[in-house]
K.L.:
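This is the structure I want to talk about, given as structure tokens.
For ligands, and for the atoms within them, numbers begin at 1 and follow the listed sequence.
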Amino acid sequence: MNKFVVAALAIGALMIGPARAEEIVIKFSHVVAPNTPKGKGADRFKELAEKYTNGKVKVEVYPNSQLYKDKEELEALQLGAVQMLAPSLAKFGPLGVKEFEVFDLPYIFADRVALRKVTEGPVGKKLLSLLEPKGITGLAYWDNGFKIMSANKALKSPDDFLGLKMRIQSSKVLEAQMKALGALPQVMAFSEVYQALQTGVVDGTENPPSNMYTQKMYEVQKYATMSRHGYLGYAVIVNKKFWDGLPGEVKPQLEKALAEATTYANDIAEKENDDAIAAMKASGKTEFITLSADQAKAWKTALKPVWSEMASRIGKDLIAEVAKTTGAE
Ligand code: LMR
């Protein structure tokens, strides 16, 4: 063997390296801050996945849209550039899975108990299975919470929304919701919302308190209405080819890690949102408005037509099935 061949073999061996060849890396990309229900859930998954696989799997968590924004992260998952995500349920429309927008319907969940009946029941399972033809496997639902509306104007009656530019996620249901209130919906990536609010590109937005707080939106929004008019949660998803190709013993270990991270994320979500409200109130920057019974009724009446308007998009039967499960009318 001449010395060039020996050198080439040595370099080859160095590049492959026995330990590295076995390591499985999961890139988990998300758009929110680490100190949110989703951020903490992702970090817990990392900890448990690495523990249960004895370090065979390494999970790299990329928060705050560091790697990709909303739309790009779904494309990156399909291409295999990242392996795991937990997008909001309101972001699956552009992927062609419009049915998830059922979660965005105003007042479809009275509380978390009603929500769980859907996410932990046959409807939740059926919805996740719709992702398979897109090369995506849906593994779990993670909670965030009920949304509040914010603006630099007090939003008490539906009339107060007239002409306001309101940032929304990419869901057509949310578009219809803002239009039903007389506002002008603007789809925008989550990472751009703070600046858009600060510079007046949009006037207001909706989000669970944990997002409003950790993105510092409360610094640039004078009012927030505790409307709980809709819900925001997540589907934890993986690249199907990656998931199906995992070695036999690794998959159950990761499933165990995810099941525990899911319980953890869902257990902390309500408190994280309550703490966020308390912190924002303490800052004194945003005034929090509680609707009277009459005002709440007026919001509900204004938003009710969204259900029938969206029936042809989401599916009449699916809406009826979810409403039956939650007891919403
Ligand atoms: C948003 O874009 O408002 C949310 O989906 C962000 C998130 O992931 O909670």
K.L.:
Tell me whether Lys71 is salt-bridged to Glu75, with the criterion being a basic N under 4.0 Å from an acidic carboxylate O.
P.N.:
yes

K.L.:
Would you mind listing each N/O atom of ligand 1 next to any protein N/O under 3.5 Å, plus the distance?
P.N.:
{"unit_1": "ligand 1", "atom_1": "2 (O)", "unit_2": "Lys91", "atom_2": "NZ", "d": "2.7"}
{"unit_1": "ligand 1", "atom_1": "2 (O)", "unit_2": "Arg167", "atom_2": "NH1", "d": "3.4"}
{"unit_1": "ligand 1", "atom_1": "2 (O)", "unit_2": "Arg167", "atom_2": "NH2", "d": "2.8"}
{"unit_1": "ligand 1", "atom_1": "3 (O)", "unit_2": "Arg167", "atom_2": "NH1", "d": "2.7"}
{"unit_1": "ligand 1", "atom_1": "3 (O)", "unit_2": "Asn207", "atom_2": "ND2", "d": "3.4"}
{"unit_1": "ligand 1", "atom_1": "5 (O)", "unit_2": "Lys91", "atom_2": "NZ", "d": "2.9"}
{"unit_1": "ligand 1", "atom_1": "5 (O)", "unit_2": "Gln169", "atom_2": "OE1", "d": "2.6"}
{"unit_1": "ligand 1", "atom_1": "8 (O)", "unit_2": "Lys38", "atom_2": "NZ", "d": "2.7"}
{"unit_1": "ligand 1", "atom_1": "9 (O)", "unit_2": "Asn211", "atom_2": "ND2", "d": "2.9"}
{"unit_1": "ligand 1", "atom_1": "9 (O)", "unit_2": "Tyr234", "atom_2": "OH", "d": "2.5"}

K.L.:
With ring centroids as reference points, do Trp299 and Phe161 lie under 6.0 angstrom apart?
P.N.:
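Ring centroids of Trp299 and Phe161 are less than 6.0 Å from each other.
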
K.L.:
Counting neighbours of NZ on Lys153 that are heavy atoms of other residues, nucleotides or ligands and sit closer than 6.0 Å, is the number greater than 12?
P.N.:
yes

K.L.:
Testing Glu99, Glu321, Glu132 one by one against Lys126 for a salt bridge (Lys or Arg N to Asp or Glu O under 4.0 Å), which residue passes?
P.N.:
Glu321

K.L.:
Tell me if the centroids of the rings in Phe28 and Tyr62 come within less than 6.0 Å of each other.
P.N.:
no

K.L.:
Please determine, by modelled atom types, if Asn35 and Thr214 share a side-chain donor-acceptor pair under 3.5 angstrom.
P.N.:
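No, because no side-chain N or O of Asn35 sits under 3.5 Å from a partner of the opposite role on Thr214.
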
